[in-house]
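Worksheet for the structure shown next.
Quick note on labels: first sequence line is chain A, next is B, and so on, each numbered from 1.
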Number of protein chains: 2
Amino acid sequence: MNQEKEDILQYGQGTFHPGFSVDCVIFGFHANQLRVLLLKVKGDDLWALPGGFVFKDEDVEEAAIRVLKSRTGLDNIFLRQFHLFGKPDRSKTSFNAKLLKQRQIPYDENHWFLQRFITLGFYALVDYSSVTPRPDSNSEACEWWDLQQIPALMQDHSQILEKALEALRLQLAYQPIGYNLLAEKFTMPELQKLYETILGKQLDRRNFQRKILAYDILERLDERRSGVAHKAPYLYRFNLEKYQQALEQGLEGGW
Amino acid sequence: MNQEKEDILQYGQGTFHPGFSVDCVIFGFHANQLRVLLLKVKGDDLWALPGGFVFKDEDVEEAAIRVLKSRTGLDNIFLRQFHLFGKPDRSKTSFNAKLLKQRQIPYDENHWFLQRFITLGFYALVDYSSVTPRPDSNSEACEWWDLQQIPALMQDHSQILEKALEALRLQLAYQPIGYNLLAEKFTMPELQKLYETILGKQLDRRNFQRKILAYDILERLDERRSGVAHKAPYLYRFNLEKYQQALEQGLEGGW
DNA sequence: CTACTTTGTGTCTTGGTTACGCAATGGGGC
DNA sequence: GCCCCATTGCGTAACCAAGACACAAAGTAG
């Protein structure tokens, strides 16, 4: 598999669906901060979203799942496409040409990697603590970055990230969020901090609890989180059945 | 232009972005019914969504606008991408091969038109009365179809249509709808019927009025619709500035 | 001119949201 | 070891939006 990846640039032609890629915005939650998994581009100061190409006979969704698995080691992740980025100048060929040169691949303007690429953006929600970040063959590093201090990104990846966050906020309005982002057991303040971080604003503690409990997707356990300072809060977990149901039906219609 | 279109199948290679298309679900509103513009496929009983390909150096969004303009004659249409359909078997090559044969183009398994296509779905909202449906070179007819009696569609176009409707309903929940679908001046019952049709359910006349007025995007005129039976209803129009603002900010947060 | 449909406006009730108050808890400061 | 205090759990009053429904005014059909 690694061997295969090393050779992507050389043998991509004929292997992948032409002129098309997927890019994933992988959200995690740690230390009360929303974070994003980024790759450090080899031989450049820029960072990039984890992405990849779609095999000729592969479902586009499957390709995104494959990318996610190879960067995080995780399977069975919450994943959703949110936007296709199709401006003709979004993938500057100069950058890709440089990459080819680095690999000492002879220059050919018809090389598949030098064509225009359109990319489908996905966002994913993962449990930060169970991820083992793994760089791919074009990167030197794979690290979590705080949303507040994202480094310079290659191409239009900043816009993709921005749009992903927008889509995530929108989802919050009509679907539950939290499973996949939190550990199995969590406290109410933890869940609240997650919501506050995504929304970028503070919420009233007591009203938050009432509203989220009214969704009827949580189960309070008989345990409390011990060891921490102050009063020990109850632990909760999602009722997966009801959570799934809420995902499908939506939380509030509006009409 | 027509000449160009006639030759698409022959000279598409090198002209279009490979393996990629756009399909548009064009919604109109007439006689209290939501309708969709469909094309009758030449030499087949199936119908299809208006679609097209993306020029090598064209913005994907622009391509959709171009398709819309050439089918409806309209410019400046509300248009939004909603989903990418990327299953590997979604475009059956047998159908496309048949098309090529009809055009007496020699069979070549590497022909661009016989490759796998992934397609980006757009939905558009248009003023029914100002549309002049025009078939393209692959179709015998271009007609409005009532949502309740859609004919058999080619490939996965039924799913695309279904998903478009879903996206439209979702938009209704957090953004205003009506401009683009109604004439400039309209009555409250007309707007209500539009909402009812999209949602597929009846709404209370008085509560609807209160809610929609609370959005503060409508202006009541001093005119009434005369000539119709019964009490003459007031005419309204959208306050474009506030309408636009509501589109961007959303109507109700949820949080 | 009368009957009937449709529109314009208002009210009552209900349920959810917002803005707080207060007691219980449990670790840290002293 | 004891008190302080931030944090948690639970509760309440004011407020607003939504649903259900009543009634008068307008305008056409017969």
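Judged by distance alone, with hydrogens and angles left aside, B:R210 brings a side-chain donor or acceptor within reach of the base of D:dG19, the pair sitting under 3.5 Å. For B:H230 against C:dT5, a side-chain-to-base donor-acceptor contact under 3.5 Å is present. In the interface, the side chain of B:R205 is paired with the base of C:dG8 through a donor and an acceptor atom under 3.5 Å apart. One donor-acceptor pair, N or O on each side, does fall under 3.5 Å between the base of D:dA22 and the side chain of B:R206. Side-chain atoms of B:D204 and base atoms of D:dA18 include no donor and acceptor less than 3.5 Å apart.
Each of B:V228 and A:R220 lies near DNA chain D, and the nucleotide nearest A:R220 is the one positioned closer to the 5' end. When each of A:A229 and B:P233 is assigned the nucleotide of DNA chain C with its nearest heavy atom, B:P233 is the one assigned upstream, toward the 5' end.
In this structure, A:R225 atom CZ and C:dT25 atom C1' are separated by 17 Å, rounded to whole Å. The OH atom of B:Y234 sits 15 Å away from the C1' atom of C:dT6 (whole-angstrom rounding). Rounded to an integer number of Å, the gap from CE of B:M188 to P of C:dG8 is 8 Å. For the pair A:R224 CZ and D:dT8 C1', the computed distance is 8 Å after rounding to whole Å. Here the P atom of nucleotide D:dT7 and the CG atom of A:L191 are 18 Å apart, to the nearest Å. Separating the CG atom of A:N207 from the P atom of D:dA13 is a distance of 15 Å, rounded to the nearest angstrom. When the C1' atom of C:dA19 is taken as reference, atom CD of A:Q209 falls 16 Å away, rounded to whole Å. Distance, A:L213 CG to C:dG16 C1': 15 Å, rounded to whole Å.
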- prompt: Going through the checks in order, is the salt bridge (charged side-chain N to carboxylate O under 4.0 Å, His left out) test met by B:K87 and A:E61?
  reply: CA-CA 8 Å; B:K87 289 210 189 309; A:E61 195 95 10; over 6 Å; no
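Side-chain atoms of B:E190 and B:Y236 form no donor-acceptor pair, as typed in the model, at a separation below 3.5 Å. When only modelled atom types and interatomic distance are considered, B:R80 and B:Q175 share a side-chain donor-acceptor pair under 3.5 Å. Between A:E184 and A:Y179, the side chains place no donor N or O within less than 3.5 Å of an acceptor N or O (distance only, hydrogens not considered). At a cut-off of 3.5 Å, with distance as the only test, a side-chain donor of A:E196 or A:Q192 sits close to an acceptor on the other residue.
Residue B:K231 has no polar side-chain atom (N or O) positioned under 4.0 Å from OP1 or OP2 of D:dA25.
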